[in-house]
K.L.:
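Please see the structure below; I have some questions.
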Amino acid sequence: MRRGWCVSVRALALLGGSVLAVGTAAGASAATGHLAGHRVAVVRPGGLARQLTGFGTRNATSANWSGYALHHGTYRSVSANWVVPKAHCKAGDGHDYSSDWVGLDGYGSNSVEQTGTDTDCQGATPRYYAWYEMFPAPSKLIGHTVRPGDHMSASTVFNGGGKFTNKLTDHTRHWTATEHRKLASAKRASAEIIVEAPSSQTGELPLANFGSVHFTGSKVNGTKIGSHHPTKITMVVSGRHLDRVSALSHGTNFSASFLRR
């Protein structure tokens with residue numbers, strides 16, 4: 001989320017380098033993602049919601065976020081499930097990116113505690129991976145395989161004393177990454193379940209064609225997100241809607257569908 005970078009170093013590391021993955025599987029030590037090249041620091045610039053309109057209303061837009069968020073209180077937990085979407089990549093395209101995640105903060109606050117997966121493209125080549133982040137520290141890759149169609153569950157939980165737990169489980173591949181971190185500056189001013197187009201210092205990076213992603217079981221503070229009257233956010237850049245977000249069903253389920261870059 002360091003927006004001072006001109007490109008997504010996390011994404012470039014995956015596309016052209018090897019990254020030290022620090023996610024820890026349940027009962028195992030940290031793993032390393034072997035991709036080729038050198039190990040580099042990993043950051044996900046621009047994870048904060050950008051260019052907001054309609055903040056504080058039931059419907060809002062952002063240049064890089066879509067999904068649902070709460071921002072009228074102090075939040076201690078957020079969780080959801082999703083199926084990793086398939087990237088629709090084309091030869092001749094550049095580097096395109098999309099992230100699916102749950103987290104606290106970032107919507108009207110300057111810290112973010114979150115975990116999720118990416119569906120990216122390098123031309124015609126799709127890339128899938130998992131990560132967590134405690135901004136202002138750079139994001140860290142989770143060194144376990146992620147593939148389209150994998151059934152994921154994720155949560156971010158405040159444990160008191162500035163301590164948080166980010167947990168991500170791939171039920172299809174039978175791994176869990178649990179990260180315990182401290183961030184005393186976190187305000188816990190929002191909770192969200194989001195599809196993101198990562199950003200750079202100069203603006204949003206191209207959104208990958210992720211097709212559709214379906215979130216289920218979305219909860220905040222242990223109860224249905226719909227019971228808290230959340231804000232629905234849609235990605236809009238220069239008046240153009242980049243995706244479409246459905247209404248909530250059963251107070252917990254919704255979809256985001258790609259429209260255009």
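Computed from a predicted model, the values in this text were never measured in an experiment. All values below come from the heavy atoms of this structure, side chains included, with hydrogens, waters and symmetry mates left out.
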K.L.:
Take Thr216 and Thr252, measure what side-chain contact (heavy atoms from CB on, under 4.5 Å) needs, and give me the verdict at the end.
P.N.:
CA-CA 6 Å; Thr216 60; Thr252 65; 5.7 Å; no
K.L.:
Do Glu133 and Val112 come within less than 4.5 Å of each other through their side chains, counting heavy atoms only?
P.N.:
no
K.L.:
Where do Thr234 and His241 come nearest, in terms of heavy atoms and distance?
P.N.:
CG2-CD2, 3.7 Å
K.L.:
Honestly curious: do Val213 and Tyr128 fall in one hydrophobic cluster under the side-chain, below-4.5 Å linking rule?
P.N.:
yes
K.L.:
To the nearest 0.5 Å, how far apart are OH in Tyr132 and CD1 in Ile142?
P.N.:
8.0 Å
K.L.:
List the residues meeting side-chain contact (heavy atoms from CB on, under 4.5 Å) with Arg240, not counting sequence neighbours, and say none if there are none.
P.N.:
Leu242, Arg260
K.L.:
Checking His88 against Phe258 for the side-chain contact (heavy atoms from CB on, under 4.5 Å) test, could you report, in this order, the C-alpha distance in whole Å, the side-chain angles of both residues, the deciding distance, and whether it holds?
P.N.:
CA-CA 10 Å; His88 300 274; Phe258 175 87; over 6 Å; no
K.L.:
Do Arg147 and Val84 have side-chain heavy atoms sitting under 4.5 Å apart?
P.N.:
no
K.L.:
Give a yes or no on whether the backbone of Phe164 and the side-chain of Arg181 come within a donor-acceptor separation of less than 3.5 Å.
P.N.:
no
K.L.:
Mind checking the CD1-CD1 spacing from Ile233 to Ile194? Nearest 0.5 Å is all I need.
P.N.:
4.5 Å
K.L.:
Quick check: closest heavy atoms across Leu70 and His229, and the distance to 0.1 Å?
P.N.:
CD2-C, 4.1 Å
K.L.:
Under the side-chain hydrogen bond (donor to acceptor under 3.5 Å, both in side chains) rule, what do Thr223 and His228 come out as? Steps first, then yes or no, please.
P.N.:
CA-CA 8 Å; Thr223 59; His228 299 271; 2.7 Å; yes
K.L.:
Strictly by side chain to side chain donor-acceptor pair (under 3.5 Å), give each pair with a member in residues 150-165 just once, sequence neighbours left out.
P.N.:
Asp150-Arg173, Ser153-His171, Thr156-Asn166, Asn159-Thr165, Thr165-His180
K.L.:
Looking only at side chains, do Asn59 and Thr57 share a donor and an acceptor under 3.5 Å apart?
P.N.:
no
K.L.:
What are the two closest heavy atoms between Ala60 and Gly54, and how far apart are they?
P.N.:
CB-O, 3.6 Å
K.L.:
Can you give me the closest heavy-atom contact between Trp131 and Thr115, atom names plus distance?
P.N.:
O-OG1, 2.8 Å
K.L.:
Out of Phe254, Tyr68, Trp101, which one pairs with Phe215 under the ring pair (Phe, Tyr, Trp, His ring centres under 6.0 Å) rule?
P.N.:
Phe254
K.L.:
Would Asn253 and His214 satisfy side-chain contact (heavy atoms from CB on, under 4.5 Å), going step by step from the backbone distance to the final call?
P.N.:
CA-CA 7 Å; Asn253 308 331; His214 307 283; over 6 Å; no
K.L.:
Could you report the tightest heavy-atom contact between Arg261 and Asp93, atom names first, then the distance?
P.N.:
NH2-OD2, 3.3 Å
K.L.:
Consider side-chain contact (heavy atoms from CB on, under 4.5 Å). Of Ile193, Val220, Ile225, which one does Pro230 pass it with?
P.N.:
Ile225
K.L.:
Listed by chain and number, what are the side chain to side chain donor-acceptor pair (under 3.5 Å) partners of Ser218, not counting sequence neighbours?
P.N.:
none
K.L.:
If you round to the nearest 0.5 Å, how far is SG of Cys89 from CG of Asp120?
P.N.:
8.5 Å
K.L.:
Is it the case that the side chains of Thr53 and Thr61 hold a donor-acceptor pair, with the cut-off being a distance below 3.5 Å and no angle test?
P.N.:
yes
K.L.:
Test side-chain contact (heavy atoms from CB on, under 4.5 Å) on Ser111 and Leu183 and set out the steps.
P.N.:
CA-CA 9 Å; Ser111 62; Leu183 184 60; 4.1 Å; yes
K.L.:
If I take atom OH from residue Tyr129 and atom CG from residue Asp118, how far apart are they, to the nearest 0.5 angstrom?
P.N.:
3.5 Å
K.L.:
Shared ILVMFWY cluster between Leu248 and Val245, side chains joined below 4.5 angstrom?
P.N.:
yes
K.L.:
Working to the nearest 0.5 angstrom, can you tell me the gap between Ser257 OG and Phe210 CZ?
P.N.:
7.0 Å
K.L.:
What is the distance from atom CD of Glu192 to atom CD of Gln114, rounded to the nearest 0.5 Å?
P.N.:
7.5 Å
